[in-house]
Amino acid sequence: MLIFYVAEIGGQPHKRRKTSDANETEDHLESLICKVGEKSACSLESNLEGLAGVLEADLPNYKSKILRLLCTVARLLPEKLTIYTTLVGLLNARNYNFGGEFVEAMIRQLKESLKANNYNEAVYLVRFLSDLVNCHVIAAPSMVAMFENFVSVTQEEDVPQVRRDWYVYAFLSSLPWVGKELYEKKDAEMDRIFANTESYLKRRQKTHVPMLQVWTADKPHPQEEYLDCLWAQIQKLKKDRWQERHILRPYLAFDSILCEALQHNLPPFTPPPHTEDSVYPMPRVIFRMFDYTDDPEGPVMPGSHSVERFVIEENLHCIIKSHWKERKTCAAQLVSYPGKNKIPLNYHIVEVIFAELFQLPAPPHIDVMYTTLLIELCKLQPGSLPQVLAQATEMLYMRLDTMNTTCVDRFINWFSHHLSNFQFRWSWEDWSDCLSQDPESPKPKFVREVLEKCMRLSYHQRILDIVPPTFSALCPANPTCIYKYGDESSNSLPGHSVALCLAVAFKSKATNDEIFSILKDVPNPNQDDDDDEGFSFNPLKIEVFVQTLLHLAAKSFSHSFSALAKFHEVFKTLAESDEGKLHVLRVMFEVWRNHPQMIAVLVDKMIRTQIVDCAAVANWIFSSELSRDFTRLFVWEILHSTIRKMNKHVLKIQKELEEAKEKLARQHKRRSDDDDRSSDRKDGVLEEQIERLQEKVESAQSEQKNLFLVIFQRFIMILTEHLVRCETDGTSVLTPWYKNCIERLQQIFLQLFADVILLCPSLAA
Amino acid sequence: MSKGLRILCKDPVLELSCCRDHQFSGSKFQQEKLLKESSTMSMRNLSFYTTKEKIHELFSRSDIKNIFMGLDKIKKTACGFCFVEYHNRADAENAMWFLNGTCLDEWIIRTDWDIGFREGQQYGRGKSGGQVRDEFREDFHSGRGGFGRQSQI
């Protein structure tokens, strides 16, 4: 912000008078502009008129600020599009020059957004410009010309399809607002643009669609590719002669004023060329779970190919995008959507929220936001929304068989967290059908995972209490530690005496060296003769050490973390080789197999303290010891968390390297300015640092590549095994396990593409 | 040209929260600055039985760096508050914005920014060893040790 603080003794802030006054006015203007359209005692029309008057009066002194503010709301508050275009229309009617300058500023902003890869915001700018045609600010023919240039991008060769897609999308998605006007003025040109669009849509590739669909089945609602759906909606709108009744159009009330205004022509707009740095939005699939049959008593839900559906969904998504950080505001804005009496708003809201939550590869915002937003909505509309949400949950449960595995994960996490806020109240008996199914099939698996997550947010007995007795088979195990040397029957186990010795040592606060000397005597079942040092891979040593230590530290996370920290040296030595790392993980899993949460935090700690590396975790997940649990949620949460840590690590070191390079560049510049020889020495230190960081980056990138190689190789092996086994047994390949496995592979690949390849093209090679 | 709007940029918790540490030794301005950059949050209104494991489960949507449980100064047992430290501000913001005011162990928890955990901060400052708010509470809460300490005398 522009307020400057001058530090006084004691650290009291002190504002400079002159700048502060100007800032107060700017804040006031921002406030007025942002607030218009909110609930008010006066009508929207009179508020707009009043605001137009205020802004017109302020133009002589604050023109550039007003221009900037209006461009910003065009970009950031798209759900109030028509309110602001009307405002601009009124200003243009009063001051033609201002209108012209605004249009120029918008075009500049559009170019900047495209250059900065802000394609989602650019769509809102294009839409704003097109609605300005309705407000008599922009002449229709010049808008048509811009759209002609947009659609001509479909003729470009050697560019990513997503680039062509975006320009078509920007054109089509503006038509609900301005289609009528453009067609009335320039129907021949529009027909030509349509024909080009249609032929492009027919020839474009859609191999991405199956990977992005939430359900693999087309019934009851097909999961359509987003451009296909929009095209069908616009076609229908065209057939209906562009009659569109849903969009709020305040400018209609000002028609007599606005039609007197002079219009501006858009300057010819050439889409900026594709560059290596251009990153376009990923394609989407439209999520639909409701139709008009789902709310028989209320207003009719607009059909899937109606333009009303598109506009409602767009606006609700925009509201979430604007207010996602403040769930109370977001919920309030959602439930006060204009025109809500004519549509089953609660159904639309729930559908839009789940659309985002289930979006592949990742939701637009962190998943916990959606959980708390839904809770807030339930509080705000306690008489209606909880019922819709329960209905939605039931529907999602019924369709679990064809739901993408990653989406099922999100459903599990959402539902368990939601229940924990409502005393775990649910009519579980309604889901008794799952009890008679094969436990590996989606419905009983879902219930098992939900109950496990619920237990993590409460305690074991609570879960037994909340479900009917018939569900006890699906209840999670009591999360206790399993110590193999614990009871009398373990006397005969190899290493038993050493385990007892270790236990005594640990309890009397032994040091790492003392532990090493106890372990020295453990025979190695793998070798005939040990080295004198005795530290080649010895699974028995690892077994007795890890079992005993983790058992003694079982009381809490803190105890276990302390144990890992205190005996870090022993861990590092025992786990020096790749086989050692794998065995540490195996033994840890044997001890804690009833407590998936503990397994996850221990793996995290071991990676962070470099006892194991990411590749070891990947190999462990695909090992035969884990095959029984391979489809369980906790395993994939561990793998995804491991991948995330790896990616974050690479990004962090890359950033350090960039910062060091920038520092050196700045130093060089200063040197050339000052002509000072003494900084030669400083240069040397910095250059050494850069060299070291460069090596670190290369090694981290290589580790990252290796991690993905391991993961993909193991997937291929495990899937091939399955295919071969099915062939020899003569059974169907498409088992629940296979669906689970393939979809897990898809998700890792999609996420790799979105997170890493788009951000770091060098890895793509 | 790419500046945002104040209504969309404000940190909802920083603005609304009035919880300020009375023992902070710097100026209000300094405290505000540290709070704006902090990646540690304090959490209150926990059940006395809420374990670190449960806090971890709820708050680990982003990777947690550390959890410090609030302890009764005398008994050294949990007394209903804690500190959660994340690796960076953005991770902490996610927890702060979305989990504040929701349930943990069926208690509605409150989160606030904290300037960063300091040794000694984990002890309750009430005269009897627990939190100040439990000293004078007159109602019964089985999850927070029964009646307020003063009422029990």
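For clarity, every value in this text was computed on a predicted model and none was experimentally measured. Order of the sequence lines fixes the chain letters, A, B, ..., with proteins taken first and strands second; residue numbering starts at 1 for each chain.
- Expressed to the nearest 0.5 Å, how far CG of Leu69(A) lies from CG of Leu5(B) amounts to 7.0 Å.
- Around atom NZ of Lys655(A), no more than 12 heavy atoms belonging to other residues, nucleotides or ligands sit under 6.0 Å away.
- When heavy atoms are compared at a cutoff of 4.5 Å, Leu457(A) approaches chain B by way of both its backbone and its side chain.
- The part of His417(A) that comes within reach of chain B is its side chain, from C-beta onward, which places non-hydrogen atoms under 4.5 angstrom from that chain.
- Summarising the geometry, atom OG1 belonging to Thr372(A) is positioned 12.0 Å from atom CH2 belonging to Trp97(B); distances are rounded to the nearest 0.5 Å.
- Atom NZ of Lys76(B) has more than 12 heavy atoms from other residues, nucleotides or ligands within 6.0 Å.
- For Lys379(A), the part sitting under 4.5 Å from any heavy atom of chain B is the side chain, from C-beta outward, and nothing else.
- Proximity to chain B is absent for every atom of Leu373(A), based on heavy atoms less than 4.5 angstrom apart.
- Put simply, CZ on Arg327(A) and OG1 on Thr102(B) are 6.5 Å apart, with the number rounded to the nearest 0.5 Å.
- Looking at Lys645(A), only its side chain comes within 4.5 Å of chain B, counting heavy atoms on both sides.
- Between the side chain of Arg644(A) and the main chain of Ser62(B), no donor-acceptor pair closer than 3.5 Å is present.
- The closest donor-acceptor contact from the side chain of Gln597(A) to the backbone of Glu53(B) lies under 3.5 Å.
- Gln423(A) contributes no side-chain N or O that, together with a main-chain N or O of Glu106(B), makes up a donor-acceptor pair within less than 3.5 Å.
- Heavy atoms closer than 4.5 Å to chain B are found in both the backbone and the side chain of Arg456(A).
- Residue contact with chain B, scored on non-hydrogen atoms closer than 4.5 Å, is absent for Phe561(A).
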